[in-house]
Protein chains: 2
Amino acid sequence: MGEKVTIATVARHAQVSRQTVSNVLNAPHIVREDTRRRVREAIAALGYRANQAARQMRTGRSRLIAVRIEPTRDGINGSVLDRFLHGLTETADATGYRVMLYTARHDDDEISTYDDLLGAYDLDAFVLTGTKHRDPRTAWLAEREVPFVTFGRPWDTPEAHPWVDVDGAAGTAQATRHLLAAGHRRIAFLGWPAGSGVGDDRRAGWRTTMAEVGLDGAAPDRATEDGIAEGEREARALLALDAPPTALVCASDSLALGAWQAARDAGTDVAVVGFDDTPVAAAVGLSSVSQPLGEAAARCVELLTGLLDGQQRDPQLLLDPSLVLRHSA
Amino acid sequence: MGEKVTIATVARHAQVSRQTVSNVLNAPHIVREDTRRRVREAIAALGYRANQAARQMRTGRSRLIAVRIEPTRDGINGSVLDRFLHGLTETADATGYRVMLYTARHDDDEISTYDDLLGAYDLDAFVLTGTKHRDPRTAWLAEREVPFVTFGRPWDTPEAHPWVDVDGAAGTAQATRHLLAAGHRRIAFLGWPAGSGVGDDRRAGWRTTMAEVGLDGAAPDRATEDGIAEGEREARALLALDAPPTALVCASDSLALGAWQAARDAGTDVAVVGFDDTPVAAAVGLSSVSQPLGEAAARCVELLTGLLDGQQRDPQLLLDPSLVLRHSA
DNA sequence: CATCGGCATTGGATCGTTCAAGGCGGCGAG
DNA sequence: CTCGCCGCCTTGAACGATCCAATGCCGATG
């Protein structure tokens, strides 16, 4: 491998000045047609690649996007992040951006990490996953005017920031409609305790759909922490009712899996639909609401590049999930 | 937030020159005690952080490690990469490095991505996951003297490069010993077709353990592509034998899950052990061989930083997996 | 008392890129 | 004919860090 190819090498080779080469790269329209061509040929011939560090030093922009990788919680939902990350990386690549990972144990920790990253690497933007009520991170970033997108709606703060989310209510509504169409009438919901934005949203989709057909009275609704064992326990309780449900819409695949196992053990034929279409669901044949993670990731990058280029687009985006049917419903 | 804090700001504040500040950061021992303290105080007071781009331009080192994130194949094994990635990010953070992601569709594509990344970002090192027979990527990197570590042994090329791997044979051996201790004698292996390094390794652990106790004659060994359906099919075939196995050691959780389902459907009580301890295994209660992914990641970073600092350590590392027992065995 | 040597510190040059300002030739208008 | 303008290109400077060579300071030594 020869010596380094810089913009000066290209300039010499194409018989122009450094700046002209730079212009061909960053503002092609101000360079005359044939000069541009000559420079492009030189770039190709020499295999020149702009040095990001130098560019960054001058412009203050790094073409780097930071994403937090979370400590794979119960593992079952970890794959959601995994798929999202992959989509993010792919779309970012295509736009000339790169994805940098960071971890953080707590939220405070996360905010101090922002500071580190911004100070040392001049990151262009952040992608946050899993927004919560009263999220301190979005406030911190907004205050410092750091561009960011969240994958997940802000659940209480009406202050607008760009976000992409999947319409959980639409997902559970779709699942509920499917079960209704299959003839079910006593359709229960198995979800999380009220108070989490995501959980309440998913419950709402089921509830309104049931209300639309006038069946909300007969519809049991149970709440518990997430987990397979929890799902199993609650499902058992539901099946022991006088008029047990014939179908269950669940807020997660963990709950759904537990419920599915409880139903099988009880020998009852109960339809179960989970949420997130995790590998576990696919593995055991559980029907599940699938989030368009690849598209969500792509939209996040789109929003960010839009922000960074100064274009002001509509910064909120709600995507529709789809129902993946397997033999559990 | 005030104006940018550079090394010059710190120097003025601490009443020394730029170079002295730089020395405090990069070669503290050559600076007099109290000067050093004064500089450190100024750094803390001003919240100074070295600008990586500027540092990189001068030194040519970016403190960036690139890792490929693969297109979540069947999803069931995706979580392995996910956990590995998390460990990698965490350990790298602690050492002052950052993890950058990249994707690639094919191997050729991957090599051209190396070129891009090296040219544009001056990456310090690469971490490759999943080495294959005759891997062109390691050759390319070695030829250009780019530091890299693979998570996975080189399976045929005797050329040495640093790697970290988990001893798959030890894992299946442990699983087999456990089954033997539980009284099983007809222990079958359900794995992949011969030729893949990882698969052959896992099979070998089972085979030698069976041979040690003189039971290799009575031990059925089946090979198929990875997958739940495949595992189910092969397990059915095994259970239909004249003297069906009472226990199964599997090369993956996918196969194990299929086998486990087949056994349950057949009403037979067969012990099953999977491999990788994926969330799916945890979810359905499948015993599985667990790879120490966090440690593997940490070792990868250790090897890399060792390489980058010019220390020549033993660059090969084989870690022992552990057996996670659940109710399937 | 002058010179030397060791060591902390200093100023200048440098990495590769983009920004700001300026040069140059041609063209239309006064 | 000359001026100003415009399009296209070139030159010098700057981003913030590190490396290199040179300086100042100190006590020790001849």
Side-chain angles (χ1 to χ4, degrees), chain A residues 2-40 42-43 46-64 96 118-124 308-309, chain B residues 2-40 42-43 46-64 96 116 118-124 308:
Chain A
E3 60 285 352
K4 242 171 290 185
V5 178
T6 76
I7 210 171
T9 321
V10 177
R12 262 198 310 279
H13 195 270
Q15 314 263 36
V16 294
S17 70
R18 294 178 325 239
Q19 183 62 21
T20 301
V21 178
S22 174
N23 285 336
V24 169
L25 295 171
N26 304 310
H29 57 279
I30 69 167
V31 179
R32 199 174 46 198
E33 168 86 35
D34 67 329
T35 312
R36 203 186 327 165
R37 197 178 33 75
R38 215 167 64 240
V39 171
R40 290 232 165 92
I43 288 176
L46 296 166
Y48 165 78
R49 278 168 231 283
N51 180 315
Q52 283 299 326
R55 167 175 290 176
Q56 171 183 348
M57 183 151 61
R58 194 68 182 107
T59 62
R61 291 182 48 175
S62 58
R63 302 194 80 81
L64 240 43
L118 288 170
Y121 290 93
D122 284 328
L123 291 178
D124 283 354
L308 293 170
D309 296 345
Chain B
E3 60 285 353
K4 246 171 285 184
V5 178
T6 77
I7 208 171
T9 322
V10 177
R12 262 198 312 278
H13 195 269
Q15 314 263 35
V16 293
S17 70
R18 297 178 322 235
Q19 178 64 9
T20 302
V21 178
S22 175
N23 284 336
V24 170
L25 294 173
N26 303 312
H29 58 280
I30 68 166
V31 179
R32 198 172 47 198
E33 169 85 35
D34 69 328
T35 311
R36 203 186 328 166
R37 197 178 34 74
R38 215 168 63 241
V39 171
R40 290 234 165 91
I43 287 177
L46 296 167
Y48 165 78
R49 279 169 230 282
N51 180 316
Q52 284 298 328
R55 167 175 291 174
Q56 171 183 348
M57 185 151 55
R58 194 73 184 104
T59 62
R61 291 182 47 174
S62 58
R63 302 195 79 81
L64 240 42
D116 281 356
L118 288 170
Y121 290 93
D122 286 327
L123 292 178
D124 284 354
L308 293 171

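Proteins get letters first, then strands, A, B, ... in listed order; numbering begins at 1 in each.
In this structure, NE2 of H29(B) is placed 12 Å from C1' of dC7(C), rounded to the nearest angstrom. In this structure, OH of Y121(A) is placed 14 Å from C1' of dA17(D), rounded to the nearest angstrom. The CZ atom of R12(A) sits 11 Å away from the P atom of dG16(C) (whole-angstrom rounding). In this entry the distance linking CZ of R61(A) with P of dT18(C) reads 12 Å, nearest Å. Per the geometry, CG belonging to N26(B) stands 13 Å off P belonging to dC20(D), to the nearest Å. In this structure, R38(B) places its CZ atom 11 Å from C1' of dT9(C), rounding to the nearest Å. Regarding D122(B), its CG atom lies at a distance of 9 Å from the P atom of dG16(C), rounded to whole Å. The distance between atom CD of E33(A) and atom P of dC8(D), rounded to the nearest whole Å, is 11 Å.
With a 4.5 Å cut-off on side-chain heavy atoms, V10(A) and V24(A) do not count as touching. When side chains are defined from C-beta on, V31(B) counts as touching T20(B), because their heavy atoms get closer than 4.5 Å. The shortest distance between side-chain heavy atoms of N26(A) and R55(A) falls below 4.5 Å. V16(A) has its side chain within reach of V39(A): a pair of non-hydrogen atoms, C-beta onward, lies under 4.5 Å apart. N51(A) has its side chain out of reach of K4(A): every pair of non-hydrogen atoms, C-beta onward, lies at least 4.5 Å apart. Here the side chains of D124(A) and L64(A) are not in contact, with every heavy-atom distance at 4.5 Å or above. Put simply, the side chain of N23(B) reaches to within 4.5 Å of the side chain of Q19(B), judged on heavy atoms.
How far CG of L25(A) is from CD1 of I7(A): 6.0 Å, rounded to the nearest 0.5 Å.
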Between N or O atoms, less than 3.5 Å apart, protein on one side and nucleotides 24-26 of chain D on the other: list the pairs.
none

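Using modelled atom types, one side-chain atom of Q56(A) and one backbone atom of Y121(A) make a donor-acceptor pair closer than 3.5 Å. A side-chain donor-acceptor contact under 3.5 Å links R38(B) to the backbone of A14(B).
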Quiz item: How does protein reach along nucleotides 9-16 of chain D, written 5' to 3' as B (base within reach of a heavy atom under 4.0 Å), S (only sugar-phosphate), or - (no contact)?
Solution: SBBBBBBB
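Axis angle across the helix from dC1(C)-dG30(D) to dG30(C)-dC1(D), with five pairs used at each end and values rounded to 10°: 80°.
Among R32(A), R37(A), R36(A), the single residue meeting the salt bridge (charged side-chain N to carboxylate O under 4.0 Å, His left out) criterion with D34(A) is R32(A).
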